[in-house]
There are 2 protein chains.
Amino acid sequence: MSNQNLRTLFQLVVRRFGFLNEQCCNQCCNQDISVAQSHIIFETSRQHNPSMRDIANALGIDITTFSRQVKALIDKGYVKKTPHPNDQRVQILALTEKGKDLERNIDDVMNQQLEQILSQLSDEERSKVTQSIDLLNKAMVNSESYCCPPQ
Amino acid sequence: MSNQNLRTLFQLVVRRFGFLNEQCCNQCCNQDISVAQSHIIFETSRQHNPSMRDIANALGIDITTFSRQVKALIDKGYVKKTPHPNDQRVQILALTEKGKDLERNIDDVMNQQLEQILSQLSDEERSKVTQSIDLLNKAMVNSESYCCPPQ
DNA sequence: ATAATTAATTGCATTTTACAAATAAAATGG
DNA sequence: CCATTTTATTTGTAAAATGCAATTAATTAT
């Protein structure tokens, strides 16, 4: 194992994943959206009938910045807003068909790239890695450490 | 294992690591530097006598943006520039004592938080996770996938 | 019914970003 | 050795992103 501390190991993996993310995102939409916007699309596709605040909270971004980014995504035709039936204050976010296509596309390309990376590992190592990421996610969710958005 | 694809697993871990990073960074310097600036400090502490371009390339940020961020870090007293002895075009970056202190501080706090997260796992799971991150880093470095800065 | 709370948007000032151009030093090649 | 090209970094400038304060509008609490 590399002679480095935990934080360094994480930092470097995260940085590299960031590059992957950025390039896949650009490749899929021809620079039409930013990486920040692709995160909004990703999270919107995951949640069930999310409000503005749900997505902004999940991503840890300021609601006012978020509001403007969503407007940009609506203008580009990837996202739509629908008023909540029981509470006219909240807007329910959803992907349009174009948005779903883009999300699927990014997801496919990302998974292909990740497959390519993991293809260098043995079957054993490979399942060790995927299980570990899963373990990590669960540990982070249950942790008292700050693995959640500020505030 | 969670019923999710590879990309989703990664995306969520990376997002949570981002929150951790941000909050540790803020905690250590009382908001005196941004997360982007903490990455510059991190990378500057890792490399041996790096030039401006070395760090900008490693982080995948535009050299002009980087130039201004470095200026800000110099103004705050965390970083210093020294002309390269054999090439007057090149500026060698280094952390000041204050910068080293901050980097150590962030590193300690991050490692504590990561320890806290991993403390939820069994010894076996824990070593599985750290070995996996290490494996991942190596696979990403050797990969043909875009785990390196654009261009 | 009035006050207090909540969701989302908009005003505005600051910061970040990145392309183009400028500057300056080193390398290249007649 | 001089002219040209390349390389490293900085600066001009305009666009985009950010986040606080204030606003609007709907809901809940008293």
Side-chain angles (χ1 to χ4, degrees), chain A residues 18-19 22-23 25-26 29-41 43-44 47 49-76 78-94 149-151, chain B residues 18-19 22-23 25-26 29-41 43-44 47 49-76 78-94 149-151:
Chain A
F19 294 142
E22 190 174 348
Q23 308 213 37
C25 168
N26 286 340
C29 66
N30 236 29
Q31 319 260 12
D32 191 35
I33 64 169
S34 67
V35 179
Q37 289 170 356
S38 82
H39 292 156
I40 294 174
I41 289 178
E43 191 59 25
T44 303
Q47 290 199 22
N49 289 343
S51 68
M52 299 279 288
R53 197 165 283 275
D54 289 334
I55 304 293
N57 282 351
L59 296 175
I61 57 181
D62 184 88
I63 187 74
T64 69
T65 301
F66 180 76
S67 174
R68 283 178 248 253
Q69 292 288 5
V70 167
K71 196 187 292 176
L73 286 172
I74 290 172
D75 289 347
K76 290 172 187 168
Y78 295 113
V79 167
K80 63 189 168 200
K81 273 193 291 202
T82 323
H84 189 289
N86 303 333
D87 187 341
Q88 296 295 111
R89 289 171 305 180
V90 329
Q91 299 285 339
I92 301 299
L93 289 182
Q151 262 49 289
Chain B
F19 293 142
E22 191 174 347
Q23 309 213 34
C25 168
N26 285 340
C29 66
N30 236 28
Q31 318 260 10
D32 191 35
I33 64 169
S34 67
V35 179
Q37 290 171 356
S38 82
H39 291 156
I40 294 175
I41 290 179
E43 192 59 25
T44 303
Q47 291 199 21
N49 288 343
S51 68
M52 298 279 289
R53 195 164 283 275
D54 289 334
I55 305 292
N57 282 353
L59 296 175
I61 56 180
D62 184 89
I63 186 75
T64 69
T65 301
F66 180 74
S67 174
R68 282 178 245 253
Q69 292 288 3
V70 166
K71 194 187 293 175
L73 286 172
I74 290 172
D75 289 347
K76 291 172 187 169
Y78 295 112
V79 167
K80 63 189 169 201
K81 273 193 289 200
T82 323
H84 188 289
N86 303 332
D87 187 340
Q88 297 294 111
R89 289 171 305 181
V90 176
Q91 300 285 338
I92 300 300
L93 289 184
Q151 260 51 287

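All chains are named by letter (A, B, ...) in the order of the sequence lines, taking the proteins before the strands, and each is independently numbered beginning at 1.
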Handout entry: Closest to the B:Asp87 side chain, choosing from C:dT10, C:dA25, C:dA18
Key = C:dA25
Practice task
Verify, without hydrogens or angle tests, whether A:Asp54 (side chain) and A:Ser51 (backbone) share a donor-acceptor contact under 3.5 angstrom.
Solution key: yes
Exercise for the section: Ignoring backbone atoms, test whether A:Lys71 places a side-chain nitrogen or oxygen under 4.0 Å from the OP1 or OP2 oxygen of C:dT10. Expected result: yes
Sub-3.5 Å pairs of nitrogen or oxygen atoms, protein against nucleotides 21-24 of chain C:
none

Problem - Rounded distance (nearest 0.5 Å) linking atom CE of A:Met52 with atom NE2 of A:His84 - result: 14.5 Å
Practice task
Heavy atoms of chain A, cut-off under 4.0 Å: which first and last nucleotide of DNA chain D, 5' to 3', fall inside that, if you could look?
Solution key: D:dA17 to D:dT27
Practice task
Nearest 0.5 Å please: distance from the CD atom of B:Gln69 over to the NE2 atom of B:His39.
Solution key: 12.0 Å
Fill in the blank from the handout: Rounded to whole Å, CZ of A:Arg68 lies from P of C:dT9 at a distance of 10 Å
Problem - Contact check, side chains of A:Tyr78 and A:Asp32, non-hydrogen atoms, under 4.5 Å - result: yes
Handout entry: Sub-4.0 Å heavy-atom contacts from residues 51-61 of chain B onto DNA chain D, ordered by number
Key = B:Ser51, B:Met52, B:Arg53
Practice task
To the nearest 0.5 angstrom, please state how far the OG1 atom of B:Thr44 sits from the CD1 atom of B:Ile92.
Solution key: 11.0 Å
Handout entry: Approximate separation, where rounding is to 0.5 Å, of A:Ile55 CD1 and A:Phe66 CZ
Key = 5.5 Å
Completion exercise
When A:Gln69 and A:Asn86 are each assigned the nearest nucleotide of DNA chain D, the 5'-most assignment goes to A:Gln69
Handout entry: A:Pro149 versus A:Ala58, closest heavy-atom pair with distance
Key = CG-O, 4.2 Å
Exercise for the section: Nearest whole angstrom, please: distance from the C1' of C:dT16 to the CG of B:Leu73. Expected result: 14 Å
Practice task
Would you mind reading off the distance between B:Ile63 atom CD1 and C:dA20 atom P, rounded to a whole angstrom?
Solution key: 17 Å
Exercise for the section: Measure the spacing between CD1 of A:Ile74 and NZ of A:Lys80 and express it to the nearest 0.5 Å. Expected result: 11.0 Å
Problem - Exercise: identify the closest heavy-atom pair between A:Ser34 and A:Cys25 - result: O-SG, 3.9 Å
Exercise for the section: Calculate, to the nearest 0.5 Å, the distance between atoms OG and CD belonging to B:Ser67 and B:Gln91 respectively. Expected result: 9.5 Å
